[in-house]
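Computed from heavy atoms alone, side chains included, the values below leave out hydrogens, waters and symmetry copies. We name chains A, B, ... by the order of the sequence lines, and we start the count at 1 in each one. Small disclaimer: the values here were computed from a predicted structure and weren't measured.
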Protein chains: 2
Amino acid sequence: MAQLKEIGKNKMFGGFNRRFQHPSSSCGCDMNFSVYFPPAADHGKVPVLYWLSGLTCTDENFIQKSGAQRVAAAEGVAIVCPDTSPRGLGVEGESDSWDFGAGFYLNATQEKWKKWRMYDYCTKELPELLRSSFDQLDTKNASIFGHSMGGHGALTIFLKNPDKYKSVSAFAPIANPVNCPWGQKAFSGYLGDDKSLWEEYDASLLSRKYKGHPTKILIDQGDDDKFYKEKQLLPQNIVESELLRVELHLRSGYDHSYFFIASFVEDHIKMHARALKS
Amino acid sequence: MAQLKEIGKNKMFGGFNRRFQHPSSSCGCDMNFSVYFPPAADHGKVPVLYWLSGLTCTDENFIQKSGAQRVAAAEGVAIVCPDTSPRGLGVEGESDSWDFGAGFYLNATQEKWKKWRMYDYCTKELPELLRSSFDQLDTKNASIFGHSMGGHGALTIFLKNPDKYKSVSAFAPIANPVNCPWGQKAFSGYLGDDKSLWEEYDASLLSRKYKGHPTKILIDQGDDDKFYKEKQLLPQNIVESELLRVELHLRSGYDHSYFFIASFVEDHIKMHARALKS
């Protein structure tokens with residue numbers, strides 16, 4: 001834990017929200033992440049549920065606004081929230097638009113964005129850091145979920161690494177980025193023009209060739225979500241197969257906000273807890 | 001509702017967080033407030049539970065961070081969150097310190113702060129505005145709670161108006177402001193040197209002469225709350241009597257944050273719901 005600095009700690013539902021900072025080799029800058037340790041972590045190992053946030057978010061939004069800790073405490077699951085992007089690297093244009101500059105949970109191939117390696121950060125560096133730093137986390141027993149850009153991250157990371165995660169779910173995910181303006185803007189910038197690279201980070205395309213353990217993807221989507229209506233999300237484009245079921249709930253009147261996430265987060269955590277304990 | 005402008009609306013737990021702005025006669029400026037309407041408000045009148053926030057907060061903190069809507073939805077209670085202070089009046093010094101300038105839920109008597117009339121705003125203007133604007137709110141059936149400066153507000157408003165509220169509770173309230181630095185700074189500024197005026201806004205002093213309906217004050221207090229340790233809060237100074245019981249829970253390891261509030265808000269809302277439905 002030599003490199004790991006604790007920068008926040010608050011008790012909640014008998015456990016603790018703790019926030020850390022560390023130098024990241026993947027991203028070449030200091031990165032923050034937050035963990036909710038449930039009370040069960042005081043006397044044994046607990047499974048790990050990763051949460052990936054959306055555009056404009058940090059590691060703190062889910063911790064402050066989702067209400068997830070109540071359920072995580074009851075289920076005995078830790079929740080790990082990485083930040084969404086490298087920060088402060090001073091790359092020209094990194095902060096010019098609200099919908100570009102966040103990491104999109106990929107490894108950029110374009111020279112200008114070479115530090116944008118959130119895929120490696122989330123799938124390798126952070127899990128290894130958690131394993132070596134926290135005896136109370138059973139990092140081999142993990143699941144993953146997220147929202148919007150983080151829903152895209154959770155789905156693609158799961159579909160590419162089913163051996164590493166027991167289950168996956170998403171709220172209003174960017175589920176087919178090669179076919180939406182947000183995804184096209186991000187992928188052009190980070191990955192360039194080679195469309196075969198784009199396919200490696202598109203949940204709908206990855207779903208067609210899934211060969212992992214039989215699983216169900218749980219997705220909640222508000223039907224009053226303006227980004228859903230603008231066809232940025234396209235959660236209906238994920239393809240089912242014998243190995244991959246999709247349970248998509250279209251929720252009447254809900255929008256894209258954390259108020260929507262909070263309303264349904266209990267269902268998601270309980271589903272992950274079942275998978276993590278089975 | 002001519003004067004009332006809706007400035008936000010998000011569905012949550014089957015009901016709606018709605019945010020409004022209106023010109024306030026008490027404060028002489030535009031004021032914002034937020035209301036959570038539970039699903040039951042779609043087909044009948046629901047009781048009203050006022051939430052008063054603390055220093056540095058607005059009408060939005062509780063709505064975004066407490067997780068209260070889950071319980072309010074289940075119990076069929078609306079939650080009304082006023083802002084904590086007049087804003088933008090341009091009075092010299094109103095924004096110079098983080099612990100002075102907020103309204104403290106009193107009617108200022110000093111000329112400079114004459115627009116600081118949050119007591120009238122919360123006990124008269126806002127309830128009347130709600131009554132005349134929202135048929136679905138049973139404004140005669142009301143309770144009140146709050147946090148820190150808002151805990152002070154809830155306790156003093158209840159103790160001075162037991163006919164208007166069925167029940168009261170508080171998180172980490174400033175319970176004896178005449179004996180703490182925050183209270184002395186605020187009361188000197190807003191009320192001047194006349195200590196008899198100060199007594200009218202001190203929950204511990206008001207508790208000694210309570211003559212309303214028999215009731216219990218529920219208080220949660222974290223023992224790792226730095227303001228508790230600095231003796232800004234003094235919740236133990238409220239005096240019990242035959243009419244007034246105090247149920248004070250000192251919570252081990254909890255601090256002054258919304259993470260603490262979220263951990264125990266269910267207990268408070270259920271207590272108020274019982275009083276409001278009895």
Asker: Please identify each residue that fulfils side-chain contact (heavy atoms from CB on, under 4.5 Å) with B:Ser278, with sequence neighbours left out.
Answerer: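 In terms of side-chain contact (heavy atoms from CB on, under 4.5 Å), with neighbours along the sequence ignored, B:Ser278 is linked to no residue.
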Asker: Are any non-hydrogen side-chain atoms of A:Phe134 and A:Leu4 less than 4.5 angstrom apart?
Answerer: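 Contact flag for A:Phe134/A:Leu4 side chains = yes.
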Asker: Where along residues 52-65 of chain B does a heavy atom come under 4.5 Å of chain A, listed by residue number?
Answerer: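 When heavy atoms of chain A are the reference, residues 52-65 of chain B contributes B:Ile63, B:Gln64, B:Lys65 within the under-4.5 Å range.
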Asker: Would B:Arg19 pass as a cation-pi partner of B:Phe33, given that its NZ or CZ must be under 6.0 Å from the six-membered ring centre and within 45 degrees of the axis?
Answerer: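 Judged by the rule, B:Arg19 and B:Phe33 form no cation-pi pair.
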Asker: Measure A:Phe13 against the heavy atoms of chain B and call it side chain, backbone, both or neither at under 4.5 Å.
Answerer: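 For A:Phe13, the contact with chain B is made by backbone and side chain together.
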Asker: Looking at A:Lys229 and A:Asp225, is any side-chain nitrogen of the basic one under 4.0 Å from a carboxylate oxygen of the acidic one?
Answerer: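 Looking at A:Lys229 together with A:Asp225, the answer is no, because their closest N to O distance does not fall below 4.0 Å.
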Asker: For each of B:Ala73, B:Ala262, B:Gly222, B:Gly67, tally heavy-atom pairs with chain A at distances under 4.5 Å, and name the one with the top tally.
Answerer: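 Max contact count across the listed options: B:Ala262.
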Asker: Determine whether more than 12 heavy atoms belonging to other residues, nucleotides or ligands lie under 6.0 Å from atom NZ of B:Lys277.
Answerer: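 Yes.
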Asker: Considering only heavy atoms, which portion of A:Asn10 lies under 4.5 Å from any heavy atom of chain B: side chain, backbone, both, or neither?
Answerer: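 The answer is both parts of A:Asn10.
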Asker: Quick one: list whatever passes side chain to side chain donor-acceptor pair (under 3.5 Å) with B:Tyr254, sequence neighbours left out.
Answerer: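 Side chain to side chain donor-acceptor pair (under 3.5 Å) check on B:Tyr254 returns nothing, list empty.
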Asker: Table please: side-chain donor-acceptor pairs of residues 142-152 of chain A below 3.5 Å, with sequence neighbours left out.
Answerer:
residue  : atom : partner  : partner atom : Å
A:Ser143 : OG   : A:Ser167 : N            : 3.2
A:Ser143 : OG   : A:Ser167 : OG           : 2.7
A:His147 : NE2  : A:His256 : O            : 2.9
A:Ser148 : OG   : A:His256 : NE2          : 2.8
A:His152 : NE2  : A:Phe104 : O            : 2.9

